[in-house]
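A short write-up of the structure that comes next.
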4 protein chains.
Amino acid sequence: MARAASTLELRQAAKREAILRAALELFAERSFDGTPMPLVAERARVGTGTLYRYFASKEALGNAVYREAKAAMRRALVESLPPGLAPREHFGRLWRGLARFTVGEPATVRFLEMQHHEDYLDAESRAAGGELMESVADFLRGAQAAGAVRPGPPEELIALALGAFVGLVKEAANGRFALDEAAVARAEEAVWALLARPPEDRP
Amino acid sequence: MARAASTLELRQAAKREAILRAALELFAERSFDGTPMPLVAERARVGTGTLYRYFASKEALGNAVYREAKAAMRRALVESLPPGLAPREHFGRLWRGLARFTVGEPATVRFLEMQHHEDYLDAESRAAGGELMESVADFLRGAQAAGAVRPGPPEELIALALGAFVGLVKEAANGRFALDEAAVARAEEAVWALLARPPEDRP
Amino acid sequence: MARAASTLELRQAAKREAILRAALELFAERSFDGTPMPLVAERARVGTGTLYRYFASKEALGNAVYREAKAAMRRALVESLPPGLAPREHFGRLWRGLARFTVGEPATVRFLEMQHHEDYLDAESRAAGGELMESVADFLRGAQAAGAVRPGPPEELIALALGAFVGLVKEAANGRFALDEAAVARAEEAVWALLARPPEDRP
Amino acid sequence: MARAASTLELRQAAKREAILRAALELFAERSFDGTPMPLVAERARVGTGTLYRYFASKEALGNAVYREAKAAMRRALVESLPPGLAPREHFGRLWRGLARFTVGEPATVRFLEMQHHEDYLDAESRAAGGELMESVADFLRGAQAAGAVRPGPPEELIALALGAFVGLVKEAANGRFALDEAAVARAEEAVWALLARPPEDRP
DNA sequence: GATGAATGAGCGTTCATTCAT
DNA sequence: AATGAATGAACGCTCATTCAT
C-alpha cells in the first residue's frame with residue numbers, strides 16, 4: 001500500500017506543478033528558445049536555482065512540459081469517450097472534446113501546435129502521445145471495416161483531420177474569424193465529410 | 001533599354017540569393033531564434049559582416065526570407081491555374097500545385113508553417129500573401145454560389161483545408177508515412193469532400 | 001531604527017564600488033569609448049555578466065561614474081569651506097581643496113576634465129554639479145559687491161579660473177613640471193590676480 | 001631646384017587635404033574613437049580604400065591631423081606677432097590671435113583641446129607644437145627679466161593662461177555665455193593680470 | 001591610382017547554469 | 001531544500017583594414 005504523502009512531498013509536488021505551468025505558458029507565448037529560465041522562475045514564484053532542483057536543464061523542462069501537455073490532451077479526449085459509440089458520434093465526441101480542451105487550455109494547445117519541438121525533445125517525449133494516436137487509429141480502422149470511414153492509411157486521415165483542427169485554431173487566433181460554437185459545429189461537419197466514406201462508394 | 005547587369009551586380013545578386021537560401025534552410029531547420037547569424041554566413045559561404053551589407057539586421061533578413069517564401073508559394077499556385085476551370089478541377093490544381101511545391105521546396109513550406117513569425121515580421125511582411133488568400137477566398141465564394149462548395153465563411157474552409165495539407169506534410173516529415181503521389185491523391189479526394197457541398201443538400 | 005547591513009549587502013556594496021572605481025580609472029586612462037566592458041570587469045575582478053547586474057548598460061555605468069565623480073569633487077570643495085571667510089581666503093580654500101583633491105584622486109579629476117561626456121550623459125547627470133557651480137558663482141557675486149573681485153559675468157570668471165587649474169594639472173601630467181606645493185601656491189597667487197579687482201580701479 | 005608639381009601631384013595633394021579636413025571635423029565632432037573610417041571617406045568624397053593610400057592607418061591619420069592642427073595654430077599666432085612689441089601688447093596679440101583662430105577654425109581648436117590624443121599619438125606628434133611653446137616661454141622669460149611678468153617657471157604660467165583660454169572656450173561652447181568681442185576683451189584683461197607682475201612687487 | 005565589397009576580430013549584452021549561503 | 005548572485009560562452013552587430021577589379 002502506498003505510503004501517505006508527507007507535507008513536504010506535497011509542497012514539492014505543488015512547486016513542480018507551478019514550474020511546469022509557468023513554463024508551458026511562457027513557451028506558448030514566446031517559444032522555447034525565446035523564454036529565459038529566470039522568467040520561468042519568476043512566473044512560478046520560485047528562485048532561479050530551484051528550477052534546477054526539479055529539472056536537470058532547460059531541455060529537460062521542455063521535455064516534461066511537452067509530455068504533460070500530451071497527457072493532458074489525451075485525458076481530455078479519452079474522458080469524452082464512452083465505449084460503443086457509432087463512428088459519427090465517436091468522431092463528434094473527439095472533435096468537441098478537442099474544441100473544449102482548446103478553449104479551456106489554450107496555452108497547451110498552442111504549445112503543442114508549435115514547431116521545433118524536435119530541437120530539444122528526447123526519444124521518450126517523441127513517443128509520448130503515440131498511444132492516443134494509436135487508439136484513434138484503432139477507432140478509424142474499426143470504422144473503415146464497418147464502411148463508415150473512407151479507406152486508406154488511418155495515419156493519413158488523422159494527419160488531415162488533426163491538421164484541419166489546428167489550422168482552424170491557428171487562423172482563429174490570428175483574428176481571421178471567431179472560434180464560436182457555430183464555427184466548431186460547421187467544421188465538425190466538414191471534417192467528418194473528409195473522413196466519411198463517400199456516399200457514391202456505398203453499396 | 002535596360003543596361004546589361006555588370007559582373008559585379010551579378011555576383012552581388014547571387015550572393016544575396018545565397019544568403020536568403022541559407023537563412024531559409026536554417027530558419028526552417030532550427031527556427032529563427034535558434035539560428036545564429038554566423039551560421040547563416042557560414043552556410044552562405046560569406047563572412048559574418050557581409051550579411052549586414054545585404055540585410056540591415058537579422059530581423060530584416062527574416063522579413064526578406066518570409067516575403068520571398070510567400071511570393072514563391074504564390075507563384076507556384078498561380079502558375080498551376082488556367083482560368084475558367086470547374087471548381088473541382090480548380091481545387092485539384094491548387095492541391096497538386098501545393099504538393100509539387102512542397103516536394104520541390106520543402107524548406108520553404110516548412111518555414112512558412114512555423115509559428116512565432118509574429119515576433120519579427122513587420123507590417124508589410126504580415127500583409128504579404130494576403131492576396132493569395134483573397135484569391136482563394138474568391139474562388140470559394142464563386143464555387144459556393146455555383147452550389148459546388150458547402151456554405152460558410154470561406155476563411156474557415158481555407159483554414160481547414162490548408163490545415164489539413166499542413167498536417168499531412170508535417171506527419172509525413174515525422175516519418176509516419178510517405179508523401180507519395182498516391183497519398184497526395186487520396187488526400188485530395190478527402191479534402192475535396194471537406195470542401196464540397198454535401199450530396200444530401202443538393203436538390 | 002535602520003536594520004544592520006547583512007554580509008551580502010556589504011559584499012554587494014563593495015562590488016559596486018569596485019566596478020565604479022575600475023570604470024573611473026579606465027575611462028580616465030582610455031576614455032569612455034575606448035574602454036571595453038570586459039576590461040572594466042577584469043579590473044574590478046568580476047565576471048563580465050556581473051557588470052550588468054549592477055548597471056543596466058555601459059551608458060548607465062558611465063552616468064554613475066560621472067555623478068560619483070561630481071559628488072566627490074563637490075564634497076572635497078565644500079568641506080574645505082567654513083562660512084564667513086574673506087574672499088581671498090575663500091578662494092584660497094577652494095583652490096587648495098581642488099589641488100588636494102587632484103593629488104588624492106587624479107583619476108576623478110582627469111575623468112571630469114574629459115570631453116565627449118555629452119555622448120552618453122543623461123539629463124540628470126548633466127545637471128549634476130550645477131549646484132557647485134552655482135554656489136561658486138554666488139561667492140563671486142558677493143565678492144564683486146564687496147569690491148574684492150573684478151566685475152563681469154561670474155560664469156566667465158569661473159571658466160577662466162577653473163580652466164587655469166585644469167591647464168596646470170594637464171601640463172603637469174604631461175611631465176612639463178611638477179605639481180608640488182610651491183607650484184600650487186604660485187598658481188593660487190596668479191589666479192587670484194586674475195579674479196581680484198585690479199588695484200588701479202580701487203578708490 | 002624644385003621640380004614643378006604635376007597635375008597629378010596637385011590632385012593628390014588636394015585629396016590629401018580633403019581627407020585631413022574631413023577627419024579633423026569628424027574627430028572634433030565625435031572624437032577619434034567615435035569616428036569610423038568609412039565616414040571620413042564619405043565626408044572627404046573619396047573611397048574608403050583611398051584613405052589607406054594616403055595614410056597607413058587610422059592612427060597615422062590621427063597623427064597627421066594632430067600635427068596639421070598644431071601647425072595651423074602656430075601659424076595663426078606667429079603671424080599676429082611683429083617683433084619688438086611691449087609685453088602687454090605682445091600678450092594681447094597672442095590672446096586675440098587665439099580668439100580669432102578659435103572663431104575661424106573652431107574644429108581645430110576643439111580637436112586640440114580634446115583629451116586622449118595620447119592613445120594614438122606617436123613621439124613626433126607629441127613633440128609637435130613644442131617650438132610654439134618654446135617661443136612663448138622665451139617671450140615670458142624676457143618679460144620677466146624686464147619686470148613685466150610675475151616670476152616663476154614660464155611653463156606654469158603658459159599652462160595657466162592657455163588653460164584659462166581653453167576653459168573660456170569650452171564653457172562658451174556649452175552655452176553658458178556668448179564668446180563675443182567684449183567677453184574676449186574682459187578675459188584678456190583678467191588673464192594679463194594673472195601673468196603680470198603684481199604692482200605691490202614693483203619697486 | 002582609386003575603389004568599395006568583403007572580412008573577422010572585437011564590441012555591448014544576454015542567459016543557461018552553478019554554488020556559496 | 002531553496003535561493004539568487006555570479007559567471008562566461010555565445011549572441012547580434014560594427015568597423016579597421018584588405019584586395020580584386
Side-chain angles (χ1 to χ4, degrees), chain A residues 8-9 11-12 15 33-42 45-62, chain B residues 6-9 11-12 15-16 33-42 44-62, chain C residues 6-9 11-12 15-16 33-42 44-62, chain D residues 8-9 11-12 15 33-42 45-62:
Chain A
L8 176 60
E9 278 164 347
R11 243 201 334 253
Q12 291 195 349
K15 206 163 270 193
D33 278 334
T35 303
M37 290 293 265
L39 195 61
V40 176
E42 192 187 331
R45 298 175 171 284
V46 301
T48 307
T50 306
L51 298 180
Y52 288 84
R53 296 196 59 76
Y54 290 85
F55 302 95
S57 66
K58 189 182 185 183
E59 207 171 294
L61 174 58
Chain B
S6 70
T7 311
L8 176 60
E9 278 164 342
R11 245 209 325 265
Q12 297 213 130
K15 202 161 276 192
R16 198 189 135 91
D33 277 338
T35 304
M37 289 294 266
L39 196 61
V40 176
E42 191 186 334
R45 299 177 169 281
V46 300
T48 306
T50 305
L51 298 180
Y52 291 87
R53 294 191 57 76
Y54 290 86
F55 302 96
S57 64
K58 189 182 186 184
E59 207 172 294
L61 174 59
Chain C
S6 71
T7 311
L8 176 60
E9 278 166 342
R11 246 212 322 267
Q12 295 212 133
K15 203 162 274 194
R16 197 188 135 91
D33 278 335
T35 304
M37 290 294 267
L39 196 61
V40 176
E42 190 186 335
R45 299 174 169 282
V46 300
T48 306
T50 304
L51 297 180
Y52 290 86
R53 294 191 56 77
Y54 290 87
F55 301 96
S57 65
K58 188 182 186 184
E59 206 171 296
L61 174 58
Chain D
L8 175 59
E9 279 165 344
R11 243 199 334 252
Q12 292 196 347
K15 206 163 268 193
D33 278 333
T35 303
M37 290 292 267
L39 195 62
V40 175
E42 191 187 331
R45 299 174 170 285
V46 300
T48 308
T50 306
L51 297 179
Y52 288 83
R53 297 197 59 74
Y54 290 87
F55 303 95
S57 67
K58 189 181 186 185
E59 206 171 294
L61 174 58

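In what follows, chains carry the letters A, B, and so on, assigned in the order in which the sequence lines appear, proteins first and then strands, with residues in each chain numbered from 1.
Residue B/R11 places its side chain closer to F/dT21 than to any other of F/dT21, E/dA5, E/dG12. If you check F/dA6, F/dA2, E/dC11 against the side chain of C/Y54, the one that comes closest is F/dA6. In the set E/dA6, E/dT13, F/dA6, E/dT13 carries the atom at the smallest distance from any side-chain atom of C/S57. The nucleotide whose nearest atom lies closest to any side-chain atom of B/T50 is, among E/dT7, E/dA2, F/dC11, E/dT7.
C/F55 comes within contact range of no nucleotide atom at all, as no heavy-atom separation falls under 4.0 Å.
Nucleotide E/dA16 holds its P atom 14 Å from the CD atom of A/E42, rounded to whole Å. As rounded to whole Å, 24 Å separates atom P of F/dA1 from atom CZ of A/R45. A straight line from OH of A/Y52 to P of E/dA20 spans 18 Å, rounded to a whole angstrom. Across the protein-nucleic acid pair, B/E9 atom CD and E/dA5 atom P stand 11 Å apart, rounded to whole Å. If you measure from atom CG of A/L39 to atom P of E/dA16, you get 10 Å, rounded to the nearest angstrom.
Between D/D33 and C/G34, the shortest heavy-atom distance links the atoms OD2-CA, 3.5 Å. Minimum interatomic distance between C/T35 and C/K58 (heavy atoms only, all atoms of both residues): O-NZ, 2.8 Å. Taking each heavy atom of A/A56 and A/A60 in turn, the nearest pair found is N-CB, 3.9 Å.
We find the CD-OG1 distance between A/Q12 and A/T50 to be 10.5 Å, quoted to the nearest 0.5 Å.
Toward the 5' end of DNA chain F, the nearer of the two residues C/L51 and B/P38, judged by each one's closest nucleotide, is C/L51. Between C/G49 and B/G47, the one whose closest nucleotide on DNA chain E sits nearer the 5' end is B/G47. For C/M37 and B/R53, each mapped to the nucleotide of DNA chain E holding its nearest heavy atom, the one lying further toward the 5' end belongs to B/R53. Between C/V46 and B/D33, the one whose closest nucleotide on DNA chain F sits nearer the 5' end is C/V46.
When side chains are defined from C-beta on, A/M37 counts as touching A/L61, because their heavy atoms get closer than 4.5 Å.
Taking only side-chain nitrogens and oxygens, A/K15 never comes nearer than 4.0 Å to OP1 or OP2 of F/dA1. Side-chain N/O atoms of C/K58 include none lying less than 4.0 angstrom from OP1 or OP2 on E/dT13.
Pairing for E/dT14 goes to F/dA9, judged as Watson-Crick or G-U wobble with the two contacts each under 3.5 Å. The base-pairing partner of F/dA20, taking Watson-Crick or G-U wobble contacts with both distances under 3.5 Å, is E/dT3.
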